[in-house]
Amino acid sequence: MSRRGGGPVTVLNVAEKPSVAKSVAGILSRGTFRTREGRSRYNKIFEFDYAINGQPCRMLMTSVIGHLMELEFANRYRKWHSCDPADLYQAPVMKHVPEDKKDIKKTLEEEARKSDWLVLWLDCDREGENIAFEVVDVCRAVKHNLFIRRAHFSALIDRDIHEAVQNLRDPNQLFAEAVDARQEIDLRIGASFTRFQTMLLRDRFAIDSTGEERSRVISYGPCQFPTLGFIVERYWEIQAHEPEEFWTINCSHQSEEGLATFNWMRGHLFDYASAVILYEMCVEEPTATVMNVPHPRERFKYPPYPLNTIELEKRASRYFRLSSEHTMKVAEELYQAGFISYPRTETDSFSSRTDLCAMVEEQRRHPAWGSYAQRLLEPEGGLWRNPGNGGHDDKAHPPIHPTKFSSGESNWSRDHLNVYELVVRHYLACVSQPAKAAETTVEIDIAGERFSASGRAILAKNYLEVYRFESWGGSVIPVYEKGQQFIPTTLTLDSAVTRPPPLLCEADLLSCMDKAGIGTDATMHDHIKKLLDRGYATKDANTRFSPTNLGEALVMGYDDMGYELWKPNLRALMERDMNEVSVGRKTKAEVLETCLQQMKACFLDARVKKSKLLEAMTIFFERSNNTDESESQTAGEVIRRCNLCNESDMALRKNRDGNFMVGCMNYPQCRNAVWLPGPTLEASVTTDVCQTCGPGPVYKILFKFRQIGIPPGFDVNHLGCIGGCDDILKQLIDICGTGSRSQARRAPGTVPSNNIQGSNTRQGNFCIHCQQRGHASANCPSRATAFRNSRLTATNPRNDESTVSCNTCGTQCVLRTANTEANRGRQFFSCPTQGCSFFAWEDSINNSSGNATTGSNSGGSGRRGRGRGGRGGQSGGGRRNSGTSFVSATGEPVSGIRCFSCGDPSHFANVCPNRNNSNGNYY
DNA sequence: GCAAGGTC
């Protein structure tokens, strides 16, 4: 530190925000500063005397409000039509102080003129460093010989601040340059793509009905587009989901001591045949043997880490359904009024120097959580625990915590009360012991299958007592002893179908952004709001986001071009480059040159491929200059009542690509759609009502297919039904596909649907056999028929080991290899006909000697060789092969497939007319 | 009229 001789020097101190200026002034002057107005009503000037390294100083402390300057194109490039948007990659840019910051600039100039030193108290992050250089530029312009220093502090507490001012350093040019590069790249990319896509699309399409197209901006930004991308990607994932049926065995045991619910340790199987065989075996020998009763284990549920901005936003969304943007507005108001600490922080750990107890003490007066706060402070209660460390520290702000007691102010809304309560309870939870429980897991064996049940006894709720937003359920199970045997009260084979993931909620979206490094804690909510404001996405009452047509079309357009401009990778690469600049491994110029060169090439190429964007838009929007055509697009002939929303009719439509579909007229609220075969040339609704499908009338469609587009054997004319009964339509869709765009966007590895109800439906839970809603496939009437009709033996007329015909429908069966854990490698025949469930193990048919023994069959997995205890001393192979029949564990022959409910060999138990369980479960 | 980043 250079010193100046003579009297005191005048030091201009500048902080990033007024609150920090006031805090620093308060700490350095020990509360004795004088306040004077500046040009800006928010940015006061605080004056006090202080000695820096022995040098007496007259301190002037003021602030800016975040960035003082903005980056802007040179004048002649500012008007949208003034240049080719591609020119924006080289157009000169400059920093300028915007109108609303001019008064702050004036204050800085006036105070700098009378100062000898400039000390920068900006936040200690990259943006803060950049703002520091903005302040330097303004001040140096009026006082070129200013002595400039930077204060480094990590918290607004006495020791840090005094240390900072006694150890002033140089500002970090590299940090500032990294931000400069980021700003320039964001501006050039954002402006060029925004102008390009707005001018390309706005006037060509009727994007909204309000006639506001002329003022609509279709913006592109390196943060807003990846955020939109997350929403669209999840939406596509849901659309592409094919429900898949799976099976699981559930078991319960009711005793005098209570009920235990056992879960199958295999989880679930997707192979019905395997599941039913394992189930049969359990039902045949249902005695359960307790295998394992470990001692209760102590479990803990830990309180959350100290609260940072993203967690505050996520939790407020989850607990109170507040939008992240509104949460931040409310938090800002609470902060301004002094009730909570600074709400924009990444930090989720408290500095060891924080006085944690003081914050608890204040809260003892609160009627709701005061007594908990009191108990926290009593050492004998043992409730206190030092808070965890979440591993994030922005070196500028502590975690969000209460700073002033309140039991609710008169001007607070419900949202203020909620956010304050969340901050307080979260803080109290952080300094509390974890909840404690004792967990017991009982494992049983039924016919070689393992099941487990768990019980949890809560021993101490601890932090959960105050953190009412979280819970930890306790459940009691009876006491079991190893070796104990019992007969289960229920043993059911249950089916369910896989469901698509839900739409992203606000907390999910924030997590995606956080993980991918999109935006900062202070800006994430802005990006989300921007998507809503721009009309790219909508948010429903459950805070779940769907893309709008515009949002989906934009992402689809760029995706079709082959670009990942809507994915987070671009931002991640930029972020990596910024880091390289800030540590000096790359220069700002280097990064700007390579990045902008690549982005310009990408921009030019996107412009060449603009037809992709136009095509994507055409799928969703009418051309704004052709109203006649648009009428024919929106009108349509009614086919049926929508079986998804039940609110509107579904009508036959043709899109601009010439593809036909039957869609819900309540679109876009309901997106139920049935896409028709790709080769459909003409389609018209008839007055014929399908006699099979329902509910309500389903009118048949007269199709004319392109001869060249359909396989031999199909007629070009076809009177068809979209209700699910029409096998010809299903086959054509299977073979030729539809015009649906989502077909092309199926998740990798998924099989194209032969489900005529369409991959566009947004809810699962319809029967995968007959495509109707209202029942699971276990209860499907068509399936029941197939089972009932099923002959219970397979024949092998040619005595050919590899050929078996299904005796139900005569189709040649397919020899498959089991891939379930129980039967891996074992081969079986199954009928390929849709709806026919014929099934037979290969070794059951071909090994008809009747003397098959334990585990000796070819391909046997050993599953059948496992000792199962139980009746008659049979130590294995309870089911012996005898032609296509089986012998039971007691040696009695039983038919291969029979009902385990009533014993009737004509049907399976899940379709047994005597079953008494409306869910189709049976025992 | 474009971006994202500060903050009142």
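This structure is a prediction, so every number in the text was calculated from the model and none was measured.
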ring centroid sep under 5.5 Å plus plane angle under 30, A/Tyr220 with B/dA3:
no

A/Ala86 and A/Lys600: which non-hydrogen atoms are nearest, and at how many Å?
O-CE, 3.8 Å

Taking every heavy atom of A/Asn130 against every heavy atom of A/His67, the minimum-distance pair comes out as OD1-CE1, 3.4 Å

Do A/Phe33 and A/Phe46 have ring centres separated by under 6.0 Å?
yes

From [atom1] of [X] over to [atom2] of [N], roughly how many Å is that when rounded to an integer?
X        : N     : atom1 : atom2 : value
A/Leu200 : B/dC2 : CG    : C1'   : 16 Å
A/Leu88  : B/dA3 : CG    : C1'   : 12 Å
A/Lys17  : B/dG5 : NZ    : P     : 16 Å
A/Leu201 : B/dG1 : CG    : P     : 20 Å

Using OP1 and OP2 only, check whether a side-chain N or O of [X] sits under 4.0 Å from [N].
X        : N     : answer
A/Arg534 : B/dA3 : yes
A/His527 : B/dG5 : yes
A/Thr523 : B/dG5 : yes

Just call it for [X]: base, sugar-phosphate, or nothing, with non-hydrogen atoms closer than 4.0 Å on any strand.
X        : value
A/Lys530 : sugar-phosphate
A/Gln183 : base
A/Met69  : base
A/Tyr77  : nothing

Give the ring-plane orientation class for A/Trp412 versus A/His416, where under 30° counts as parallel, over 60° as perpendicular and anything between as tilted.
parallel

Closest approach to the side chain of A/Thr520, judged atom by atom: which nucleotide of B/dG5, B/dT7, B/dC2 is it?
B/dG5

Closest listed nucleotide, where the reference is the side chain of A/His81 and the choices are B/dG5, B/dG1, B/dA4
B/dG1

Exactly one of A/Tyr563, A/Trp566, A/Tyr220 should register a ring pair (Phe, Tyr, Trp, His ring centres under 6.0 Å) with A/Phe193. Which one does?
A/Tyr220

Donor-acceptor pair under 3.5 Å, A/Gln197 side chain vs B/dC2 base
no

